[in-house]
Amino acid sequence: MPPARPRFWLLKSEPDVFSYADLMRVGREGWNGVRNYQARNFLREMRVGDLCLFYHSNARPTGVAGVARVVRAAYPDDLQFDPASEFYDPKSTADNPRWSMVDVAPVLAPPAVLTLDTLRTLPEWQDSPLTSKGSRLSVLPVTPEQFHAALRAMGVEGRDGLVGSGR
DNA sequence: GCCAACGTTGGC
DNA sequence: GCCAACGTTGGC
């Protein structure tokens with residue numbers, strides 16, 4: 001059996017809340033608090049080894065601030081059971097948890113943020129939920145073409161530990 | 001801070 | 001099942 005192809009995603013985070021620098025500092029983070037069904041379903045599709053563009057929203061500038069790797073596949077979101085959390089969901093039960101999370105770890109930071117403005121200029125990114133007007137999806141799939149175009153634009157394509165040959 | 005776009009809720 | 005009201009997201 002051939003090795004599984006890496007798959008690619010984009011994760012949005014507000015850097016005031018949790019930035020890519022924070023991820024590098026802590027080394028690993030549980031991606032909890034996602035409370036949108038479409039985003040949750042994407043989380044559940046993630047596999048260990050999948051690569052994620054770490055996107056800063058509500059930031060200056062907005063854009064991709066790093067690359068992360070999925071280090072644990074989907075498991076029940078801890079915050080849904082915590083009454084003190086803003087992400088508490090009284091309708092979730094241990095038997096039937098409604099929300100999921102994954103764990104991610106940092107892979108690399110580009111020399112500079114790949115801004116949304118620049119992303120919009122890349123042909124590969126013309127058709128993406130990220131660049132389409134009004135989209136608020138916080139976890140979204142990225143095509144291999146989009147991922148590699150982003151790496152190229154950040155000047156980090158071919159960096160060790162990323163995706164092998166890139167083809 | 002503004003506001004357009006979107007998702008969710010709840011009355012009916 | 002419809003849809004108005006409401007809350008949230010996120011670019012600007």
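Heavy-atom basis, side chains included; hydrogens, waters and symmetry copies ignored. Below, read A as the first sequence line, B as the second, and so on, with proteins coming before strands; counting in each chain starts at 1.
Of the candidates A:Arg98, A:Arg35, A:Arg40, A:Arg35 is the only one forming a side-chain hydrogen bond (donor to acceptor under 3.5 Å, both in side chains) with A:Asp77. Just one of A:Leu137, A:Asn41, A:Val139 meets the side-chain contact (heavy atoms from CB on, under 4.5 Å) condition when paired with A:Asn36; it is A:Leu137.
If you check C:dG11, B:dT8, B:dA4 against the side chain of A:Asn58, the one that comes closest is C:dG11. Of the candidates C:dG10, B:dG7, C:dG11, the closest approach to any side-chain atom of A:Ser138 belongs to C:dG10. With B:dA4, B:dT8, C:dG11 as the candidates, the nucleotide lying closest to the side chain of A:Tyr37 is B:dT8.
Outside the 6.0 Å centre-distance limit, the rings of A:Trp99 and A:Tyr75 are not counted as a close aromatic pair.
In this structure, A:Phe54 and A:Phe18 have tilted ring planes: the angle between them lies in the 30° to 60° band.
Residue-level contact check: A:Arg35 touches neither bases nor backbone, having no heavy atom under 4.0 Å from any strand.
The separation between A:Arg98 atom CZ and B:dT8 atom C1' is 11 Å, rounded to whole Å. Between the NE2 atom of A:His56 and the P atom of C:dG10 there is a distance of 13 Å, given to the nearest Å. Between A:Arg136 atom CZ and B:dC3 atom C1' the separation is 13 Å, expressed in whole Å. At whole-Å resolution of the value, CD in A:Gln38 and P in B:dT8 are 9 Å apart.
Phosphate proximity of C:dT9 to A:Tyr55: absent, as no side-chain N or O sits under 4.0 Å from OP1 or OP2. Residue A:Lys133 places none of its side-chain N or O atoms closer than 4.0 Å to OP1 or OP2 of B:dA4.
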